[in-house]
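The figures here come from the full heavy-atom set of this structure, side chains too, leaving out hydrogens, waters and symmetry mates. Order of listing sets the numbers, starting from 1, for every ligand and every atom in it. Quick caveat: nothing in here was measured; it's all calculated off a predicted structure.
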Amino acid sequence: MLEQLKAFPENFLWGGATAANQLEGAYLEGGKGLTTVDLIPIGANRFPIALGNLDSFEPKEGEFYPSHEAIDFYHRYKEDIALFAEMGFKCLRLSVAWARIFPNGDDAEPNEAGLQFYDDVFDELLKHNIEPVVTICHFDVPVSLVKNYGGWKNRKMVSFFETYAKTLFNRYKDKVKYWMTFNEINMLLHLPYIGAGIVLQEGENKEQVLYQAAHHELIASALAVKACHEIIPGAQIGCMLAAGMVYPYSSHPEDVWKAMDKDRESFFFIDVQSKGEYPGYTKRFFREINIRIDLQPEDADILKQHTVDYIGFSYYASRCTSADPEVLKNSTEGNVFGSVKNPYLEASEWGWTIDPKGLRITCNQLHDRYGKPLFIVENGLGATDVLLDDDTVEDDYRIAYLNSHFAEMAEAIQDGVELIGYTSWGPIDLVSAGTGEMKKRYGYIYVDRNNDGSGTLRRVRKKSFHWYKEVIASNGAQYF
Ligand code: BG6
């Protein structure tokens with residue numbers, strides 16, 4: 001007899017996802033050191049720095065750094081968590097700022113004030129029955145590791161990261177059961193400074209540098225998986241992919257191949273983290289462009305033995321490519337990933353393609369490829385919201401976006417995909433990682449703050465706040 005599956009499993013983890021550098025602020029409080037993101041301003045210099053083409057080791061006069069105050073979660077976390085609890089969150093994804101724990105990255109002892117801050121945050125979450133889901137590194141490397149060691153170019157980063165991860169596991173072993181190593185690990189190839197604290201030097205072979213750094217992160221990730229399993233029995237630790245399939249622009253085999261090849265640029269990371277070895281297509285790529293990865297004798301074993309428990313991923317959009325240079329001319333750079341415009345799909349105000357069906361496709365693709373539980377740890381619509389006089393935000397466009405994605409998630413579950421949970425990006429408005437703007441809002445909760453740092457930081461419930469509360473209360477049932 002055919003089994004009729006319920007849409008969302010009983011213990012499905014509904015919630016939201018955040019990152020320390022995009023919401024905490026208090027960038028030098030409690031003994032915190034400077035991180036890479038603290039030195040990425042909004043404005044003209046943002047992309048050259050994020051891409052690793054321009055260094056930025058000290059704050060500069062005349063620049064505005066959005067992470068310094070962000071939305072001040074550091075001082076307002078109780079109020080914010082109470083709002084998440086009011087929506088019925090089962091979990092909150094958040095990251096630890098590495099430089100709160102090790103201000104310089106290579107300190108002999110961790111910073112107690114930083115450790116205590118996250119103890120307080122986790123306690124507050126648990127008080128409200130909200131499960132913390134912790135990303136160990138979400139884009140912010142202590143900047144002195146970049147200055148003194150060259151960031152992830154350097155193998156020494158592996159042991160700094162391992163020490164940092166072990167410190168977190170030992171300290172929070174009774175409070176945190178869900179972990180993730182690196183946020184969007186494949187972003188290292190696209191935004192090297194944000195992804196891996198890499199500043200490219202004149203004359204360096206970019207691919208060689210990036211893939212060597214990737215190797216270091218992959219080893220560090222596997223060692224964190226090992227430590228997590230040893231220190232916290234029963235914990236789950238995952239990887240995190242910036243996902244979203246690359247479609248072929250046409251059915252021409254050259255287009256299909258190009259799309260597959262593009263997808264593999266990202267899958268490479270997860271293939272290693274989940275299957276425990278370098279895939280043949282990457283080895284061929286290295287041979288063809290003459291990349292030689294510096295490997296230690298123990299590396300193959302480390303990768304093989306310590307693979308992730310689940311596949312975490314962000315999904316905002318699908319992309320599209322072609323082997324035809326003429327078609328490629330019609331590309332957008334709406335996201336850091338370029339894409340040929342897909343004639344069948346609309347895009348957001350920021351040029352990100354809106355493709356709910358792509359979420360079902362991605363879920364199925366990752367399920368077929370890895371056969372492990374999946375966790376959608378980012379998804380959402382960045383949009384300009386208007387705060388009305390009666391203190392409401394009528395964000396029906398956000399509700400429509402999320403609704404259509406939830407329907408496809410439910411389909412994916414019916415397809416047999418094992419989905420642990422869903423955390424929408426930025427449940428409270430926070431700083432955009434890409435542009436540094438506040439104007440690009442994702443939240444259910446509006447924050448009165450503008451791109452230039454003005455505003456009262458007041459929190460206001462949007463229409464989507466009440467809607468998401470109902471979604472969670474019904475465990476997504478209204479979608480069936
Ligand atoms: C992901 C990141 O790339 O997308 C988040 O993990 C980021 O940090 C999110 O904020 C949305 O991107 P953006 O540029 O709109 O903030």
Is the shortest N/O to N/O distance between Glu184 and ligand 1 below 3.5 Å? yes
query = Below 4.0 Å from any atom of ligand 1, is there a heavy atom belonging to Trp350?
reply = no
One finds that the ligand 1 atoms under 4.0 Å from a non-hydrogen atom of Tyr442 are 11 (C), 12 (O), 13 (P), 15 (O)
The protein heavy atom nearest to atom 13 (P) of ligand 1 is Ser432 OG, 3.5 Å
Ligand 1 atoms nearer than 4.0 angstrom to some heavy atom of Lys440 are 13 (P), 14 (O), 15 (O)
min-distance protein heavy atom vs atom 10 (O) of ligand 1 -> Gln22 NE2, 2.9 Å
Sorted by chain and number, sequence neighbours left out, salt bridge (Lys or Arg N to Asp or Glu O under 4.0 Å) with Glu394 holds for Lys463
Purely on distance, is any nitrogen or oxygen of Ala433 under 3.5 Å from one on ligand 1?
yes
Taking only non-hydrogen atoms of Glu378 and a 4.0 Å limit, the atoms of ligand 1 in range are 1 (C), 2 (C), 4 (O), 5 (C), 6 (O), 9 (C)
Q) So, is Asn183 polar-close to ligand 1, with some N/O to N/O distance under 3.5 Å? A) yes
**Q.** Atom NZ of Lys262: over 12 foreign heavy atoms under 6.0 Å
**A.** no
Worksheet item: Hey, does Met240 sit under 4.0 Å from ligand 1 if you only count heavy atoms?
Response: no
Salt bridge check: are Lys439 and Glu349 linked by an N-O gap of less than 4.0 Å? no
Ligand 1 atoms nearer than 4.0 angstrom to some heavy atom of Tyr316 are 4 (O), 9 (C), 11 (C)
> Should the pair Lys440 and Trp352 be classed as cation-pi, given the thresholds of under 6.0 Å to the six-membered ring centre and 45° from the axis?
Replying inline: yes
Please check if atom NZ in Lys166 has more than 12 non-hydrogen atoms from other residues, nucleotides or ligands closer than 6.0 Å. no
Pair Asp429 + Arg449: basic N to acidic O under 4.0 Å: no
Original post:
Should the heavy atoms of other residues, nucleotides or ligands under 6.0 Å from NZ of Lys60 be counted, would the total exceed 12?
Top reply: yes
heavy-atom search around atom 12 (O) of ligand 1 in the protein gives Trp352 CH2, 3.4 Å
Does the distance from a Lys or Arg side-chain N to an Asp or Glu carboxylate O, for Arg459 and Asp448, drop under 4.0 Å? no
Q. Between Asp391 and Arg461, does at least one N-O distance fall below 4.0 Å, as a salt bridge requires?
A. no
So, is Gly434 polar-close to ligand 1, with some N/O to N/O distance under 3.5 Å? yes
